[in-house]
Participant: 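Input: one structure, supplied below.
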Amino acid sequence: MLSVAVIGAGVIGLPSALAIQEELGPKAEVIIFTDKLSPQTTGDVSAGLWSPYLLQNTPIDQLTKWSKATQDYILKLWKNGDAKVTGISLQLIMALSTNKNYKPPEWIKISLGHSEFSQDQLKYYIERYGEKFTGGYAFVGFIWEPTKFLPYLEKKFKDRGGQIRMRKVDNFAELSHFDVVVNCSGLNSRSLVPDPSVHPIRGQIARVRAPWQKHTFMLDTEPGNYIIPNEDCVIVGGTHQENDFNIGIYDSDKNHILTGCRKYLPSLTKAPVIRDQAGLRPGRDQVRLEIEDRKIGEKVMKIVHNYGHGGSGVTLSIGCALDAARLVKEAAGFAGQSKL
Ligand SMILES: Cc1cc2nc3c(=O)[nH]c(=O)nc-3n(C[C@H](O)[C@H](O)[C@H](O)COP(=O)(O)OP(=O)(O)OC[C@H]3O[C@@H](n4cnc5c(N)ncnc54)[C@H](O)[C@@H]3O)c2cc1C
C-alpha cells in the first residue's frame, strides 16, 4: 500500500487529500498532518466567492482550468441537492472598475453566464456613485462557504478511512517514511519549504447581519470594497495589504469597509456588525503545484507542493486538488517503488 502524508487541512489540503483517496482508492493510505482545522484556517475568514483574484503571474490557461474544475464540482453538489450542507449559493455577481486599462477578465468566459455593462449602464453607475467607472460586468456564479464545506469534506475524508493527526510539522524529514508527502501548508510554506517568495496578503472583513442582501457587489478601486452574502451573514470588505502579518483588527480598515460598503449599498447602513475578522492570503508570484525531489540523508523524498493560491484558494481548490492527486500518482511511479 502507498502511504501519503498531506500537510494542511485548509481549502487546499482537504480537497487534495480527498482527491488522492479518489484517484488511488484502497491502494493508498492518506494521513493529514495539521496544526489547525476549520474554523481556524485562512479559508474560514473568506466569503468563498468563486472568482480568481490576487494570483499575480499564474498562467491564465492553468487558472482557467483549475477554476472551471472547481465550478464543475460545486455545480454537481448543487444539482445533487447538497447546497445547504456544503454552503453553496448561486448569485448574481456584479463588478465595477475604475481601471484606465479596463478589460473584462479572461476567466469570465467560463462562468455560468455573464454580460458586460453597456455605456448607458456605466453612465448610470457613474452618476449614482460619483466615480469614474471605466467598465464592469455581471455574472452568475457560486459562493462556496468554507466554514460549511470544510467540515463536510473532513467528514467525507474520515468516512473513507482517512486519518487526521493534529500536530505541527517543523521539517519534511519528520515525514520521510511516507512514500509521498503533499505540502498544502499555505502561507507557512514560507518557513517549511522554505520559500521566501510566499508572503502574506492581509485581508480584513466584517460580517454583518443583512438577510435582505442577495447579490454580490465588487469594486476594484484602491483599497476596494466588496459585499458578498453568505447564508447566515453578509461579508463586507475589504483590504489587501502585502507583507502585513497582523491578524488583529485595524479600526481604520473597519471604517473604510463599513463606510465604503454602506455608500455603495445604502441598505446596509443599519446592518449590525456580528464579527470583524482578518486573515493572511498566501501570496506568491504564481501557484506552486509540482513535484520536488528532496534528498534527506540517503533517501530522495517525493514532495508534491500545492500552495500560493493568493486570494483564490476556494476558487482553485478542486482543480488544484485533482492535479495534485495526479502528481502523487506520478511521484509514486517515478520513485521506482510503485505500490500502485
Ligand atoms: C479576507 C479574505 C477573503 C478571501 N476571500 C476569498 C474568496 O472569496 N474566494 C477565494 O477563492 N479565496 C478567498 N480568499 C483566499 C483563500 O482564503 C486562501 O487562498 C486559502 O484559504 C488558502 O488556503 P490554504 O489551504 O492554502 O491555506 P490555509 O487555510 O492557511 O491552510 C493551511 C493549513 O496548513 C496547516 N499547516 C501549515 N503549516 C503547517 C505545519 N508546519 N504543520 C502542520 N500543519 C500546518 C494549517 O494548520 C492549515 O490547516 C480570501 C482570503 C482572505 C484572507
Participant: Heavy atoms, side chains only, cut-off 4.5 Å: are Met218 and Ile228 in contact?
Facilitator: no
Participant: Please tell me if the side chains of Thr70 and Phe142 come closer than 4.5 Å, counting only heavy atoms from C-beta onward.
Facilitator: no
Participant: Is the shortest side-chain heavy-atom distance between Leu280 and Ile247 below 4.5 Å?
Facilitator: yes
Participant: Are more than 12 heavy atoms from other residues, nucleotides or ligands located less than 6.0 Å from atom NZ of Lys76?
Facilitator: no
Participant: Is there a side-chain contact between Glu23 and Val328 (heavy atoms, below 4.5 Å)?
Facilitator: no
Participant: Quick one, Tyr137 and His114 - any side-chain contact, counting heavy atoms below 4.5 Å?
Facilitator: no
Participant: Please tell me if the side chains of Lys214 and Pro229 come closer than 4.5 Å, counting only heavy atoms from C-beta onward.
Facilitator: no
Participant: Under a 4.5 Å cut-off applied to non-hydrogen side-chain atoms, are Ser197 and Asp285 in contact?
Facilitator: no
Participant: Could you go through Ser51 and Ile93, starting from their C-alpha distance and side-chain angles, then the distance that decides it, and tell me whether this counts as side chain to side chain contact (heavy atoms under 4.5 Å, CB included)?
Facilitator: CA-CA 10 Å; Ser51 175; Ile93 294 156; over 6 Å; no
Participant: Which pairs with one or both residues in residues 310-325 pass side chain to side chain donor-acceptor pair (under 3.5 Å), sequence neighbours excluded?
Facilitator: Lys65-Asp323, Trp66-Asp323, Asp323-Arg326
Participant: In plain terms, say whether Arg190 and Asp195 are close enough for a salt bridge, that is, a side-chain N and a carboxylate O under 4.0 Å apart.
Facilitator: no
Participant: Counting only N and O atoms by type, is there a donor-acceptor contact under 3.5 Å from the side chain of Gln213 to the main-chain atoms of Ile227?
Facilitator: no
Participant: In terms of side-chain geometry, is the basic nitrogen of Asp170 or Lys168 positioned less than 4.0 Å from the acidic oxygen of its partner?
Facilitator: yes
Participant: Scan residues 201-252 for pairs that pass ring pair (Phe, Tyr, Trp, His ring centres under 6.0 Å), counting only residues two or more places apart or in two chains.
Facilitator: Phe217-Tyr264
Participant: As a test of understanding, state which of Lys148, Lys84, Arg275 forms a salt bridge (Lys or Arg N to Asp or Glu O under 4.0 Å) with Asp232.
Facilitator: Lys148
Participant: Hey, are the side chains of Trp144 and Ile318 touching, using non-hydrogen atoms and a 4.5 Å cut-off?
Facilitator: yes
Participant: For residues 8-36, which residue pairs qualify under ring pair (Phe, Tyr, Trp, His ring centres under 6.0 Å), counting only residues two or more places apart or in two chains?
Facilitator: Phe33-Phe178
